[in-house]
Asker: 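The structure under discussion is supplied below as structure tokens; questions concerning it will follow.
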Amino acid sequence: QVQLVESGGGLVQPGGSLRLSCAAPGFTLDYYAIGWFRQTPGKEREGVSCVSYGVSDTYYADSVKGRFTISRDNAKNTVYLQMDSLKPEDTAVYYCAANLMRSRCIPQAAPIQHEFSYWGQGTQVTVFS
């Protein structure tokens, strides 16, 4: 079983920035759509962003559009989520996941969670005043 590894979470004040990283030791992310999801206690996990193979397509939830940027560096086998202008409502555990069923995201549609086979353990992001 492949385990993705998230890093970069932490504590930040509103308006601050964090960059999350998603690595996959022993597994090549290049050919798959990669998604970022987040979850807070008592709420369902939601799709935040998705990037296609080749970065041809990206998706952003309306709540993060214009503030978050997803990117990938195939040479480093890493996918990033740059989070700017953070708000308290962005507080959550953030997960990255690999979609083995398709290589492309649908720009107008949230990533479908059951299509994502490999997940990380999550990294906590806390935005506090």
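Worth knowing before you read on, the calculation uses all heavy atoms, side chains too, and leaves out hydrogens, waters and symmetry mates.
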Asker: Which residue pairs pass the ring-ring contact (aromatic ring centres under 6.0 Å, His included) test with at least one member in residues 106-129, sequence neighbours excluded?
Answerer: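 ring-ring contact (aromatic ring centres under 6.0 Å, His included) check on residues 106-129 returns F27-Y118, F37-F116, F37-W119.
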Asker: Compare every heavy atom of D30 with every heavy atom of R72, then report the nearest pair and how far apart it is.
Answerer: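 Taking every non-hydrogen atom into account, NH2-O, 3.7 Å.
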Asker: I'd like to check the side-chain contact (heavy atoms from CB on, under 4.5 Å) partners of T58; sequence neighbours left out, ordered by chain and number.
Answerer: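 With sequence neighbours excluded, T58 shows a side-chain contact (heavy atoms from CB on, under 4.5 Å) to V51, Y60, I70, given in chain and number order.
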Asker: Of all heavy-atom pairs between S85 and D90, which one has the smallest distance, and what is that distance?
Answerer: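 Closest pair (atom of S85, atom of D90, distance): O-OD2, 4.4 Å.
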Asker: Where is the tightest heavy-atom contact between G122 and E6, given as atom of each residue plus distance?
Answerer: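 Looks like N-OE1, 2.8 Å.
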Asker: So which pairs with a foot in residues 2-44 pass disulfide bond (SG atoms under 2.5 Å apart), sequence neighbours left out?
Answerer: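 For residues 2-44: C22-C96.
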Asker: With the threshold set at 4.0 Å, does a side-chain nitrogen-carboxylate oxygen contact exist between R104 and D57?
Answerer: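 D57 and R104: salt-bridged.
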Asker: Linking Ile, Leu, Val, Met, Phe, Trp and Tyr through side-chain heavy atoms less than 4.5 Å apart, which residues share a cluster with V5?
Answerer: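 Members alongside V5: none; it stands by itself.
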Asker: Under 4.5 Å between any side-chain heavy atoms of V64 and S49, yes or no?
Answerer: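 The answer is no, as the side chains (C-beta and beyond) never meet within the 4.5 Å cut-off.
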Asker: Going by side-chain contact (heavy atoms from CB on, under 4.5 Å), name the residues that satisfy it together with T78, two or more places apart in sequence or in a different chain.
Answerer: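 So T78 forms a side-chain contact (heavy atoms from CB on, under 4.5 Å) with S21, A23, K76, Y80.
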Asker: Tell me the disulfide bond (SG atoms under 2.5 Å apart) pairs involving residues 97-129, sequence neighbours left out?
Answerer: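 Non-adjacent pairs meeting disulfide bond (SG atoms under 2.5 Å apart): C50-C105.
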Asker: Of the non-hydrogen atoms in T91 and T40, which two are nearest, and what is the gap between them?
Answerer: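 Heavy atoms only, the tightest pair is O-CG2, 2.9 Å.
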Asker: Looking only at non-hydrogen atoms, find the nearest pair between D62 and K65 and report the distance.
Answerer: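 Smallest heavy-atom distance, with atoms named: OD1-NZ, 3.1 Å.
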Asker: Return the minimal non-hydrogen interatomic distance between A24 and L4, and the atom names on each side.
Answerer: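 Smallest interatomic distance, heavy atoms only, reads CB-CD2, 3.5 Å.
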